[in-house]
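Only one structure is covered here, and it is reproduced in the block below.
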There are 2 protein chains.
Amino acid sequence: MPMLSKFNHKENATVKVLKHLYDLINEGKLKPGSKLPAERKLAEELCVGRTHVRNAFAELEFYGIVKTFPQSGSVIAAIHHNALQGLISDIMSIENYDFFSLVETRLILEMESVRLACERADEKDIEALKLAHKDYLDNFHSPRRVEKDMIFHRVIAQASRNDVIKSMLLIITPDILSHYVTKDFCSTPLPTDKHEHQIIIDAIEARSSSKAVSAMRLHLDRLYTFAKQQKI
Amino acid sequence: MPMLSKFNHKENATVKVLKHLYDLINEGKLKPGSKLPAERKLAEELCVGRTHVRNAFAELEFYGIVKTFPQSGSVIAAIHHNALQGLISDIMSIENYDFFSLVETRLILEMESVRLACERADEKDIEALKLAHKDYLDNFHSPRRVEKDMIFHRVIAQASRNDVIKSMLLIITPDILSHYVTKDFCSTPLPTDKHEHQIIIDAIEARSSSKAVSAMRLHLDRLYTFAKQQKI
DNA sequence: TGTCTTTAATTGGTCAACCAATAATATTTT
DNA sequence: AAAATATTATTGGTTGACCAATTAAAGACA
């Protein structure tokens, strides 16, 4: 049950608020760039607790279309009402993601991550990478292997010097993990994994981004194929 | 002030809870996979309101490392304590992202988005794309142009059939927008933008992913260059 | 009349009490 | 003694009240 949204949308109270804001925009009662109703007022009008209103506002703020000022109020982004409605609509429709999309996205981000790492990694990064790989090898036959692999990839993301990509991987990787422990994927370690990690390290050290990217693709190919056939 | 984290980290009460959990794991008092302390208990121990504890738990749940069960308690992910600490540490360190990383990530996601759209878009998607472009052209000399452009790109993301990428773009695009309205970027429309959109549409319709990707790169090149020189 | 000061109302942020569901314990029954 | 049942305690979820800061309004003064 992977989520990219902070809130569980089974709780309809929050989406009720979002829907109401959507309607207010639709009716022209809430102009883009203007202050939106006070939390208490909205809560009373919709007969929901103020907590839910605050949750809705927080989610909108997360997506950058609302800015809340303490003891003053909240304002909605000054973009056209059609765009606003589209954004809110998208936010409400955010639910659980399918496994394949998660894996596909991870593949993309990991490939870009390692490509950037080739350009930007310094000696310290490469040292950390080698250490993470050693740690991975030491735990190769233990259940910790999966987590050590995760750490290995996080070190690469760190070396990419792009905190946005790093955070995005941070978000989706645990979701993927929880998915394939239930599907009993990766229960037995493959010896090829050892070499694949080493190839990636060598490519980064040699600053060969093409080699690093293709090595990363190969490394994640089994997961990708697995996700693809799960989809069907 | 772009954030990828739902919570404002200026409020130190929440990070105080995260730090405490980190310490508990460090001291071995909180074992991976076990139940973590009750919200009330933590709140009292740390002399903070339960709201802050709940915020911390919600953030950890967002990143998939805790799961909360109503009227029962919350459990922490059953991964090795080193990995857990790394995740919590990363979460706490999430702050504002630099503009360049945001733009770089957007470029990556947009290119992949349009590549997938070439493979997966159906007639309905292409129709919506043409409509969005027409809408863009109609507002080319109005301040709405920026939002219409945003919608155009969202239609592409929709056609990519990858909701994870779509959501990620949804998160970072408003941040980028707010950045370059303050920097007075894109204040005057460039005629080339019109043709660039059209080239992308044609490439998608012709299922030519290489053309579509390079067209997208070209389309975002001005923004990318702008972000690059802002970085210095 | 116009400006400054003071006061009252409104706002988001925080907290503590309450609710229903769960888990643990005590009690009864077989 | 063991199992089933009833009771109590604990849990996350929710609500309403309170707090300090801000804003709007009213009043005083020039």
Side-chain angles (χ1 to χ4, degrees), chain A residues 1 3 5-21 24 29-31 33-78 88, chain B residues 1 3 5-21 24 29-31 33-78 95:
Chain A
M1 54 201 82
M3 301 246 187
S5 172
K6 179 139 299 187
F7 298 100
N8 189 341
H9 283 255
K10 289 160 199 163
E11 36 161 333
N12 277 2
T14 299
V15 306
K16 188 176 180 181
V17 179
L18 293 176
K19 184 83 180 70
H20 184 66
L21 292 177
L24 284 181
K29 295 179 182 174
L30 177 55
K31 301 284 184 185
S34 65
K35 273 181 59 173
L36 36 83
E39 295 176 357
R40 283 179 186 78
K41 194 182 167 192
L42 266 180
E44 194 173 8
E45 281 179 13
L46 299 175
C47 299
V48 299
R50 194 155 78 95
T51 306
H52 302 295
V53 178
R54 286 178 61 78
N55 283 344
F57 281 26
E59 179 139 24
L60 291 176
E61 187 159 19
F62 175 62
Y63 287 100
I65 67 179
V66 156
K67 175 70 184 168
T68 295
F69 299 93
Q71 278 76 38
S72 175
S74 301
V75 296
I76 196 159
I88 294 177
Chain B
M1 55 201 80
M3 301 243 186
S5 172
K6 179 139 300 189
F7 298 100
N8 189 341
H9 282 255
K10 290 158 197 162
E11 36 162 333
N12 277 2
T14 299
V15 307
K16 188 176 180 181
V17 179
L18 292 176
K19 184 82 181 71
H20 184 66
L21 292 177
L24 285 180
K29 295 178 181 174
L30 178 54
K31 302 283 185 186
S34 66
K35 273 180 59 173
L36 37 83
E39 295 176 357
R40 284 177 186 79
K41 193 182 167 192
L42 265 180
E44 195 173 7
E45 281 178 14
L46 298 175
C47 300
V48 300
R50 195 155 77 95
T51 304
H52 302 294
V53 178
R54 287 178 62 77
N55 283 344
F57 281 25
E59 179 139 25
L60 292 176
E61 187 159 19
F62 175 62
Y63 287 100
I65 67 178
V66 311
K67 174 71 184 167
T68 294
F69 300 93
Q71 279 75 40
S72 174
S74 301
V75 296
I76 195 159
E95 286 293 335

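Each chain gets a letter, A, B and so on, in the order its sequence line appears, and its residues count up from 1.
- B/Lys16 approaches B/Val48 most closely through the heavy-atom pair CD-CG1, 4.1 Å.
- In this structure, the CD atom of B/Gln71 is 12 Å from the P atom of D/dT11, given to the nearest Å.
- Heavy atoms of B/Phe57 sit nowhere under 4.0 angstrom from any nucleic acid atom.
- When atom types are taken as modelled, the side chain of B/Lys35 and the backbone of B/Ser72 share a donor-acceptor pair closer than 3.5 angstrom.
- The phosphate of C/dG13 (OP1 or OP2) has no side-chain N or O of B/His52 nearer than 4.0 angstrom.
- Summarising the geometry, the separation between CG on B/Leu36 and C1' on D/dT11 is reported as 12 Å, rounded to the nearest angstrom.
- As rounded to whole Å, 11 Å separates atom P of D/dT11 from atom CG of B/Leu42.
- Between the side chain of B/Arg54 and the base of D/dG12, no donor-acceptor pair of N or O atoms lies under 3.5 Å.
- Straight-line distance from the CZ atom of B/Phe69 to the C1' atom of D/dT10: 17 Å, rounded to whole Å.
- In this structure, the NZ atom of B/Lys35 is 12 Å from the P atom of D/dT10, given to the nearest Å.
- We find that CZ of A/Arg40 is positioned 12 Å from P of D/dG16, with the value rounded to whole Å.
- With hydrogens and angles left out, the side chain of A/Arg50 and the base of C/dG13 share a donor-acceptor pair within 3.5 Å.
- Of the residues listed (A/Asn55, A/Thr68, A/Ile88), the one engaging A/Leu60 in a side chain to side chain contact (heavy atoms under 4.5 Å, CB included) is A/Ile88, and it is the only one.
- Of the two residues contacting DNA chain D, namely A/Ser72 and A/Thr51, the nearest-nucleotide position lying further toward the 5' end is that of A/Thr51.
- In this structure, A/Asn12 places its CG atom 11 Å from P of D/dT14, rounding to the nearest Å.
- If you measure from atom CD of A/Glu39 to atom P of C/dA9, you get 21 Å, rounded to the nearest angstrom.
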Worksheet item: Step by step, would you call B/Leu21 with B/Leu42 a side chain to side chain contact (heavy atoms under 4.5 Å, CB included)?
Response: CA-CA 9 Å; B/Leu21 292 177; B/Leu42 265 180; 4.0 Å; yes

